[in-house]
Amino acid sequence: MITILAIVGLGLYGVIRVVPLYLEYMAVVRAMEQTAQEGAASPKDIRTALGRRWSIEDIKSVDYKDIEVKRSGNGYSMRAWYRAEAPFISNISLVVDFDKTVSTGGAMAET
């Protein structure tokens, strides 16, 4: 019984350590989608809007300057591709890779 409880406790602790990373990822996606809805006219405008949203959302895992902005058809696409780490036990960390692409034309794609 103690062994099962220890395994469940370890799993629960891992989930508790990873949840903040996913919450921050959702804030990154929300910031990118809101910026895409604004219909910014240039990469500079997109980065300015992302910078404001990063400050409001207090995003720390990735910098808004690291968001890749590319010309895509009539608009632009923004890609957030980064790795976030959460310390687990001693020198063991939990690592999560995130990759999200949002188009300013309103269509969103995830790769």
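Computed from a prediction, not measured in an experiment: that's the story for all the values here. All values below were derived from every heavy atom in this structure, side-chain atoms included, with hydrogens, water molecules and symmetry-related copies excluded.
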* To do: Rounded to the nearest 0.5 Å, what's the gap from OG1 on Thr35 to CG on Leu50? Could you check?
  => 4.0 Å
* Does a side-chain N-to-carboxylate-O contact under 4.0 Å join Glu68 and Lys70? -> yes
* Measuring from Glu33:CD to Thr104:OG1, what's the distance to the nearest 0.5 Å? -> 13.0 Å
* Among Asp66, Asp97, Asp99, which residue meets the salt bridge (charged side-chain N to carboxylate O under 4.0 Å, His left out) test with Arg83? -> Asp97
* At what distance, to the nearest 0.5 angstrom, does CD1 of Ile46 lie from OG1 of Thr48? -> 10.0 Å
* Quick check: does any side chain N or O of Trp54 sit under 3.5 Å from a backbone N or O of Val62, one acting as donor and the other as acceptor? -> yes
* Counting distance only, does the side-chain N/O of Arg52 pair as donor-acceptor with the main-chain N or O of Arg47 below 3.5 Å? -> no
* **CG on Leu23 to CD1 on Ile59, rounded to 0.5 Å** => 11.5 Å
* Does Val96 belong to the same Ile/Leu/Val/Met/Phe/Trp/Tyr cluster as Leu94, with side-chain heavy atoms less than 4.5 Å apart forming each link? -> yes
* To do: Examine distances only and state if a side-chain atom of Glu57 and a backbone atom of Val28 form a donor-acceptor pair shorter than 3.5 Å.
  => no
* **Lys65: partners by side-chain contact (heavy atoms from CB on, under 4.5 Å), with sequence neighbours left out** => Asp63
* List the steps and the verdict of side-chain contact (heavy atoms from CB on, under 4.5 Å) for Thr101 and Met78. => CA-CA 6 Å; Thr101 302; Met78 296 173 281; over 6 Å; no
* Would you find a donor on one side and an acceptor on the other, under 3.5 Å apart, between the side chain of Glu24 and the backbone of Ser61? -> yes
* Consider only side-chain heavy atoms of I, L, V, M, F, W and Y, link residues closer than 4.5 Å, and tell whether Leu10 and Ile92 are in one cluster. => yes
* Please indicate whether Asn74 has more than 12 foreign heavy atoms, meaning atoms of other residues, nucleotides or ligands, lying under 6.0 Å from its CG. => no
* To do: Please work out whether the ring planes of Tyr25 and Tyr82 are parallel, tilted or perpendicular, with thresholds of 30° and 60°.
  => tilted
Pairs under 3.5 angstrom only: tabulate donor-acceptor contacts from the side chains of residues 14-21 to other protein residues two or more places apart or in another chain.
from, atom 1, to, atom 2, distance (Å)
Arg17, NE, Pro87, O, 2.8
Arg17, NH2, Pro87, O, 3.2

* Inspect the surroundings of CD1 in Ile4 and state if more than 12 heavy atoms from other residues, nucleotides or ligands are less than 6.0 Å away. => no
* Asked: So, Ser77 side chain and Ser72 main chain: donor-acceptor pair closer than 3.5 Å or not?
  -> no
* Asked: Hey, is Glu38 close enough to Arg53 for a salt bridge, meaning N to O under 4.0 Å?
  -> yes
* **Interatomic distance, Met32 atom CE to Arg79 atom CZ [nearest 0.5 angstrom]** => 10.0 Å
* **Joint cluster assignment, Val29 & Tyr22, ILVMFWY side-chain distance < 4.5 Å** => yes
* Which heavy atom of Ala84 sits nearest a heavy atom of Phe98, and at what distance? -> CB-CE1, 4.0 Å
